[in-house]
Amino acid sequence: MAEILLEMKNIHKKFPGVYALKGANLTLHQGEVHTLVGENGAGKSTLINVLGGIHQKEEGEIFIEGKKCQINNVLDARKNGISIIHQELVLVPYLSVAENIFLNREPGKGGMVDYRSLFANAQKFVNDLGLSLDVKKKVMELTIAQQQLVEIVKAISFQSKIIVMDEPTSSLSDKEIEALFEYVKMLKQRGIGIIYISHRLSELEQISDYVTVLRDGETIKSMKVSETSHEEIVKLMVGREMKHFYIRSYRQPGKAVLEVKNITSHKVRGISFQIRQGEIVGFAGLVGAGRTEIVKAILGFDKLISGEIKIDGQPVMIHEPAQAYELGVGYIPEDRRSEGIIPLQTVKFNISLKALHDFIRGVRVDQAREKELTQQYMDKLSIKAASQNTLLQNLSGGNQQKAVIARWLATNPKLLIMDEPTRGIDVGAKAEIYQLMDQLAAQGIAILMISSELPEIINMSDRVIVMREGQISGILNHEDATQERIMSYAVSI
Amino acid sequence: MSVKKKIALSEKSKSFFSQYMGQLVFFAVIFVLLSFSSKTFLTGQNLLNVSRQISTNMIVSCAMTMILITGGIDLSIGAVMALAGMISGYLSLAGVPFSICLLLSLLAGMTAGLVNGAILAYTDLPPFIVTYSVQSILRGMVYVITTAGTLRLTDKNFLTFGGGSLGFLPWPVIYMIVVMLGSYLILNKTKMGRHIYAIGGNPKAAAFAGINSRKIKLFIYALSGTLAALAGLVYTSRNTSMQPSLGTGVEMDAIAAVVLGGTSMAGGQGGIFGTIIGAVIIGIINNGLNLMRMDSFWQYIAKGIVILIAVYADYIKKQRLLKMVGK
């Protein structure tokens with residue numbers, strides 16, 4: 001067994017409202033590729049950001065080659081031989097490859113840059129790794145794969161002992177991935193330890209020696225890749241207990257409200273499905289799998305390249321969201337704070353916003369009717385607010401979300417699109433929203449739900465559509481949808 | 001070796017021309033048009049005149065280029081010009097030797113810039129509002145102190161500073177050339193220059209690399225203030241008097257020149273060469289319209305339209321480039 005390079009012990013990290021790491025552990029050996037897996041929000045990114053000095057841990061210890069280290073910022077991490085290659089690459093687009101590699105370490109005296117040595121040094125590192133990269137080229141002219149290589153060269157040039165790669169393959173072609181793995185193997189041979197984050201379990205055998213499963217901020221298990229199976233890993237990733245607060249009464253669905261045939265945008269490919277009256281269809285998949293992008297394509301935020309959309313059996317061409325709203329589609333966006341609520345306006349304003357044209361007589365708003373309608377929905381959805389004139393920002397997350405839902409219900413939608421309907425709201429309010437969704441379905445409204453919470457998907461959906469890399473990778477009926485099945489479609493076994 | 005060098009050189013000039021193609025073509029078109037429509041345009045005397053007229057705008061535009069590259073903006077330069085003009089005017093009238101007047105006014109400009117820089121370095125306030133407010137404060141101070149009156153200059157040295165020549169070259173043109181060269185060196189040959197691009201192009205990458213963005217902001221805004229003071233002195237000297245409205249709207253001409261030269265207001269991208277072309281284009285438009293005896297109010301309208309067209313041409317070219325790169 002090779003020497004232990006890095007030990008992270010009992011790492012704790014809290015963010016406002018989220019306990020991101022609850023005693024996570026990680027052990028990395030020299031020349032080892034160690035893959036971190038886990039659901040969205042399991043704590044993978046937080047853990048490596050603690051290692052990289054971007055977040056500061058509240059508790060726990062980090063040892064590098066047996067020596068205890070304090071890592072308070074990015075420079076500390078670098079001094080300790082740690083380099084992180086983020087998913088969003090951290091390069092300056094208008095500077096050359098060489099300038100990026102040696103940013104803030106440019107050779108030269110008296111504040112001047114010695115370009116000759118700058119290019120020569122960069123070229124040396126590039127040649128040393130057997131890469132073909134023009135170090136004088138601007139980074140913006142490179143492909144994503146080439147930019148990643150720049151990050152690798154940068155890491156090597158810092159004499160890094162530990163290199164973290166956060167989903168490096170997510171935007172690469174198969175050929176580029178193959179090439180990347182060759183470089184990873186080369187780094188291994190130099191004794192560098194690599195922490196690898198990926199949603200693709202299929203990559204484990206190709207490059208990984210060890211795999212550590214994180215769930216809810218804790219390290220569940222570390223195993224040799226050769227001694228485990230994808231099934232076991234998936235089970236460990238999702239294995240939390242179910243909570244019993246889902247309310248769903250399944251009924252025979254009515255006629256199709258939304259039919260989507262083979263739509264393709266820049267983000268999603270060949271998507272077909274339909275949603276009928278009274279049905280809740282859940283979209284599952286990992287972050288970036290293209291779930292929200294399907295909605296954006298349907299609503300006309302993103303341009304459709306091909307495909308057909310029918311609403312109530314009528315083919316429609318939707319170029320902008322307002323058209324979709326005209327056709328009876330309601331949209332409750334993923335990010336409530338920035339896309340849903342209007343925080344500095346009243347509850348009344350927020351609820352009546354979309355239905356407003358119904359109360360406008362000439363230039364006058366019929367305030368009595370506006371009030372009446374607001375009260376009706378506040379009662380129906382039991383929105384807790386001091387009055388109709390309370391500012392929305394003073395409501396709890398759950399009540400804010402209900403106000404956004406009420407806004408759409410006031411327009412009598414046929415189809416309600418709910419992107420992460422219960423994100424960031426407490427358990428009690430969640431149950432109320434589930435109950436509301438069930439009622440709406442019972443009234444014949446079709447619901448398209450996107451969610452990253454598997455229990456929510458499984459317990460609320462008539463059908464589950466699983467997305468991976470911009471395509472539908474599986475469709476499961478309510479009875480067949482299990483966490484393991486969904487996860488296995490989501491991560492490509 | 002020499003062949004290699006030649007290839008490298010030709011590649012360099014090729015990328016230079018492709019980078020500034022839009023501006024150069026635009027410049028050539030206007031130049032040719034003016035040469036035909038006015039007899040006086042293409043004379044040595046007039047071209048010398050143009051270079052003197054553009055000198056103040058060029059001087060402040062060089063610093064503005066660096067500021068826009070970091071993603072900032074400096075709206076205070078017009079007011080700083082007036083401040084410097086006023087300080088040197090009063091001192092000169094009190095009999096202080098010109099060299100001291102010059103030194104103190106430049107220091108005052110630098111201080112004003114440092115105030116901008118310090119606020120921007122230590123708070124998250126938007127540069128637009130901060131420098132606009134500083135502009136308003138300084139301009140107000142100038143009006144209060146001068147009680148909106150004009151200062152007439154008498155000191156010969158002061159009058160030579162902006163009005164005289166060295167041989168056939170007017171002094172302002174010489175300052176302009178020095179500032180252009182200096183700014184080019186700073187941006188392209190120094191570490192500071194590279195870091196200016198870095199904090200504008202990807203602030204996160206700059207922070208991860210340990211670049212001290214506060215130091216850079218202090219430096220560029222101080223430089224901008226100092227150069228504005230220099231421009232203010234040149235202007236005052238050439239006019240033989242200081243008026244409190246001196247420099248009004250100069251910042252907008254500077255921003256127009258920089259953006260016309262292909263520097264992005266979003267930061268990260270651009271350079272001094274582009275700014276030089278941009279300032280020259282604006283300069284010859286002004287000069288040409290004057291020679292054509294266009295009414296000065298109509299000149300504003302014409303200038304606005306021409307700048308819009310030029311910036312749009314550059315925008316189209318960049319969109320094409322981005323498509324080529326595949327982003």
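Residue numbers begin at 1 in each chain, while the letters A, B, ... track the order of the sequences.
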Heavy-atom pairs under 4.5 Å with chain B - which of A:Ile54, A:Leu95, A:Asn104, A:Ile84 has more of them than the others?
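Counting heavy-atom pairs under 4.5 Å, the top option is A:Asn104.
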Which residue out of A:Leu91, A:Thr143, A:Leu75, A:Asp114 racks up the most heavy-atom pairs below 4.5 Å with chain B?
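Of the candidates given, the most pairs with chain B belong to A:Leu91.
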For residues [X] and [Y], report the shortest heavy-atom separation together with the two atoms involved.
| X | Y | answer |
| --- | --- | --- |
| B:Lys189 | A:Tyr115 | CA-CE1, 4.2 Å |
| B:Asn202 | A:Val92 | CB-CA, 4.2 Å |
| B:Ala198 | A:Leu103 | CB-CD1, 3.9 Å |
| A:Val90 | B:Ala205 | CG1-CA, 3.0 Å |
| A:Pro93 | B:Gly201 | CD-O, 3.6 Å |

Flag yes if more than 12 heavy atoms outside A:Gln56 fall under 6.0 Å of its CD atom; otherwise flag no.
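Above 12, so yes.
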Which portion of B:Asn188 sits near chain A, non-hydrogen atoms under 4.5 angstrom:
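Just its backbone gets close to chain A.
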Rounded to the nearest 0.5 Å, what separation is found between the NZ atom of B:Lys191 and the CZ atom of A:Arg105?
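Interatomic distance, B:Lys191 NZ to A:Arg105 CZ, rounded to 0.5 Å: 12.0 Å.
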Distance, nearest 0.5 Å, that separates NZ of A:Lys138 from OH of B:Tyr197
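Nearest 0.5 Å value for the NZ-OH distance: 7.5 Å.
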Taking the side chain as every heavy atom from C-beta outward, state whether A:Glu106 and B:Arg194 have any atom pair closer than 4.5 Å.
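Counting from C-beta outward, A:Glu106 and B:Arg194 do come under 4.5 Å.
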So for A:Val74, is it side chain, backbone, both, or neither that comes closer than 4.5 Å to the heavy atoms of chain B?
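A:Val74 touches chain B through side-chain heavy atoms alone.
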